[in-house]
Amino acid sequence: MKIYTAALIDKPLRTINAELRKNLASDMKKLLQVKKRSINSQELNSFIFLSGEKPNGSVHPELVEKIEKGNLFKRYESYNKTNEAKFRRLLLNNQELKETSQIVKNFIKEIDGSLPKKLDSELKKVNSDLPKIFCELSNKSFITLWDIEEVNEYRFYLSGFDFPLFCGSTAEIPINIGGVVDQLLIANFFVTFLKPTVQRLDEMNNVLTKLEEEISKQHYTTTDKKIQAKFDLFLRILVAKLSALLELENLIYRIFNLFEIPRMYLTQYNLKSDFGDFNATISRISEEISTGKVKLHEVSELIQKCQLCIRDYLDDGVNGVKTIDSKKEFKEALRTMAELSVDLFVEAEMLKIWSDYFGSDLPFFSFNAQLLQVEKTAAEEIDKNTIIAVRGLFKNYNLGRNTVYAIRGVNLDIKEGEFVAIVGSSGAGKTTLLNCMASLDSPDHGSVYFRGKDLHKMNDSAKSNVRLREMGFIFQSYALLPHFNTRENVALPADLADGLSKEMRQRIEDLLKGVGIDQQAKQFPAQLSGGQMQRVAIARALTNQPAVIFADEPTGDLDSGTGKQVMELLKKFHEETGTTVVIITHEEDIAAYAERQILMEDGIVTRRK
């Protein structure tokens, strides 16, 4: 019997999340009465996953209750309640919101003395309601999947569904339950996430439509310098509020697109409950997402249009601006806009908080069928001609409260003797992938096999030995030792490996001649040009006759002519020695030297050519 649970977390709370994982694993261990090795917990994007295995286990009502609604769920429920209070305090102490809302109140008070109180009341409601909504949504993201192998049955508890329980026979529905945990989690998440998201878009659309109509009319200024100064600042704040939402469409659209994989894959199983139909719910959500995408696009267009209109409100060259002497007349002329500004400020703030909460991580979610599966890849399962095999690779970096999703589920094979270019723009994850393939960095999930051996299961000494004897490195910044001359830099790998034998000394001289740098053998890096230093780096990479050379943007610091020379040299050595070459580049002309190209974007492999 295997049990899988998963739920949404607040990603930036790293220490608290680590403690939660630890406690959930301990709870599962006690409930199943199994050893620690039978429990597996992982964190992927904004979710925590937990699995437990008990051979010959049986499902009894007490255990079901404790996992689905008792000990395990209450642990998570308590975590969400604590986070609700923290998030509420965070909103209440938002200094930027206090300052910007005060600027808005300073102006709208001049138009209508009751409006500042209305704005304060609405913002207070935001600070009260949103944390509660997030807490409830997080609680309903909780799922439990039971794979009862002993009797060929499954039990799925999807707490977000109106009728959350789905049971059946795995003999009738051959489903790999461990491989669809993330898909069922996302399907369940959308049941509760979609409605309030579309509601936020509807509210924003209504406000922007009214605002667009109002600012398309006559524009006004006042001769009262004090009020006009407040009006100027007021307009700037509204522009800033709308500018903060310019990435909204991209973020929410990417979240909406996550639903496509569970929609396509899970409906084949036709899951049923006593009162509900899984496929009917999936179909309804899919239709609502289509409607939501249309609404999202409409809102995004209105945001851009209103932002530009407000920015240019006082521009005589764009609009016909009328200057009013009468303070009373100015107030009447701006009353509707002031009233709408309260709604706009509040809705923009709510939508920004909503998109920040879900848009920081979820757009970078990648499905990983092997997340909670026991690693089954073995050396004999990898093609004997494959020198590097990457399986389910994930790598994140933490930057303050934010997470950079550098590698998101990469799978690839590199054959012995290939010349491969990994191509993509800056930030695509190319260098991170190279570092993981060369064991210079460790992945969060997944494996890298070098000649059939898992690099990241080796100790540091073993990995260092593989890098020294089997791998050569060429870096964009050359990475030469400044106090070593050319010959000494080239000889360094050999000296670290087996020492400088007579044969090795001759090889070093041959390499110096081969790269055309023998005349500069006694010169130090500071005395060499960029092209010459990169030639030294190529010779150094080849010193120990490695099985593979990793070159990270080797022409990045060189002019086009010198870069071409370096690539011709690298290609020549590849053809003469049959050494595997993996090059990282963002330049198409450099990638063209390779026999095969792997294109990356946002941490995933998009295509191969």
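- For the salt bridge (charged side-chain N to carboxylate O under 4.0 Å, His left out) test, residues two or more places apart in sequence or in another chain that qualify with Asp129 are Lys125.
- Listed for the Ser128 side chain is no donor-acceptor partner under 3.5 Å among the backbone atoms of Lys124.
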Step-by-step side chain to side chain contact (heavy atoms under 4.5 Å, CB included) determination, Thr291 to Val198: CA-CA 9 Å; Thr291 303; Val198 174; 5.7 Å; no

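- Among residue pairs with one or both ends in residues 156-165, none qualify as side chain to side chain donor-acceptor pair (under 3.5 Å); sequence neighbours excluded.
- Judged purely by distance below 3.5 Å, without hydrogens or angles, the side chains of Asn435 and Lys430 never pair a donor atom with an acceptor atom.
- Tyr265 meets the ring-ring contact (aromatic ring centres under 6.0 Å, His included) test with Tyr269; sequence neighbours excluded.
- Asn411 meets the side-chain contact (heavy atoms from CB on, under 4.5 Å) test with Arg391; sequence neighbours excluded.
- Counting only residues at least two apart or in different chains, salt bridge (Lys or Arg N to Asp or Glu O under 4.0 Å) contacts with residues 358-367 are absent.
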Go through it in stages, so that I can follow the logic: the residues are Tyr397 and Asp441, the test is side-chain hydrogen bond (donor to acceptor under 3.5 Å, both in side chains), and I'd like the CA-CA distance, side-chain angles, deciding distance and then a yes or no. CA-CA 11 Å; Tyr397 296 102; Asp441 203 351; 2.7 Å; yes

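- Put simply, the side chain of Ser169 never gets that close to the backbone of Glu153: no donor and acceptor are under 3.5 Å apart.
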Listed pairs under 3.5 Å, donor-acceptor, residues 353-360 side chains, sequence neighbours left out:
unit_1: Trp354; atom_1: NE1; unit_2: Thr197; atom_2: OG1; d: 3.0
unit_1: Ser355; atom_1: OG; unit_2: Leu351; atom_2: O; d: 3.1
unit_1: Ser355; atom_1: OG; unit_2: Lys352; atom_2: O; d: 3.1
unit_1: Asp356; atom_1: OD1; unit_2: Lys352; atom_2: NZ; d: 2.9
unit_1: Asp356; atom_1: OD2; unit_2: Lys352; atom_2: NZ; d: 2.7
unit_1: Ser360; atom_1: OG; unit_2: Asp356; atom_2: O; d: 2.7

Determine, stepwise, if the pair Ser464 / Arg467 fulfils side-chain hydrogen bond (donor to acceptor under 3.5 Å, both in side chains). CA-CA 5 Å; Ser464 296; Arg467 285 195 297 268; 3.3 Å; yes

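- The two residues Arg14 and Leu399 make their nearest non-hydrogen contact at NH2-N, 4.2 Å.
- Judged by distance alone, the side chains of Tyr79 and Asn17 do bring a donor and an acceptor atom under 3.5 Å apart.
- A salt bridge is defined here as a Lys NZ or Arg NE, NH1 or NH2 lying under 4.0 Å from an Asp or Glu carboxylate O, and Glu150 with Lys54 fails to meet this definition.
- Between the side chain of Ser141 and the main chain of Ser138, a donor-acceptor pair closer than 3.5 Å is present.
- More than 12 heavy atoms of other residues, nucleotides or ligands lie within 6.0 Å of CD in Glu260, so this atom counts as buried by the packing criterion.
- Not a single ring-ring contact (aromatic ring centres under 6.0 Å, His included) links Phe345 to another residue, sequence neighbours left out.
- A donor and an acceptor atom, one from each side chain of Thr431 and Asp552, are located under 3.5 Å apart.
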Apply side-chain hydrogen bond (donor to acceptor under 3.5 Å, both in side chains) to Thr267 and Asn279, showing your working. CA-CA 6 Å; Thr267 50; Asn279 285 8; 5.2 Å; no

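- Taking the salt bridge (charged side-chain N to carboxylate O under 4.0 Å, His left out) definition, one finds that Arg254 meets it with Asp602, sequence neighbours left out.
- Sorted by first and then second residue, the salt bridge (Lys or Arg N to Asp or Glu O under 4.0 Å) pairs with a member in residues 73-98 read Asp27-Arg75, Lys81-Glu84, Glu84-Arg88; sequence neighbours excluded.
- Taking all atoms of both residues into account, the shortest heavy-atom contact from Ile67 to Leu72 is O-CB, 3.5 Å.
- With sequence neighbours excluded, the residues that form a salt bridge (charged side-chain N to carboxylate O under 4.0 Å, His left out) with Lys272 are Asp277.
- No hydrogens or angles considered: a donor-acceptor pair under 3.5 Å links the side chains of Gln42 and Asn40.
- Remark: Met458 engages Lys453, Leu455, Ala462, Lys463, Val466 in a side-chain contact (heavy atoms from CB on, under 4.5 Å) (not counting sequence neighbours).
- Between Tyr405 and Phe364, the ring planes lie parallel to each other; the angle is under 30°, not in the 30° to 60° tilted range.
- The environment of Asp460 atom CG is sparse: at most 12 non-hydrogen atoms of other residues, nucleotides or ligands sit within 6.0 angstrom.
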Run the side chain to side chain contact (heavy atoms under 4.5 Å, CB included) check on Ile148 and Lys2 step by step: do they pass? CA-CA 6 Å; Ile148 315 162; Lys2 296 176 184 175; over 6 Å; no

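- Under the ring-ring contact (aromatic ring centres under 6.0 Å, His included) criterion, Phe190 pairs with Phe193, Phe259, sequence neighbours left out.
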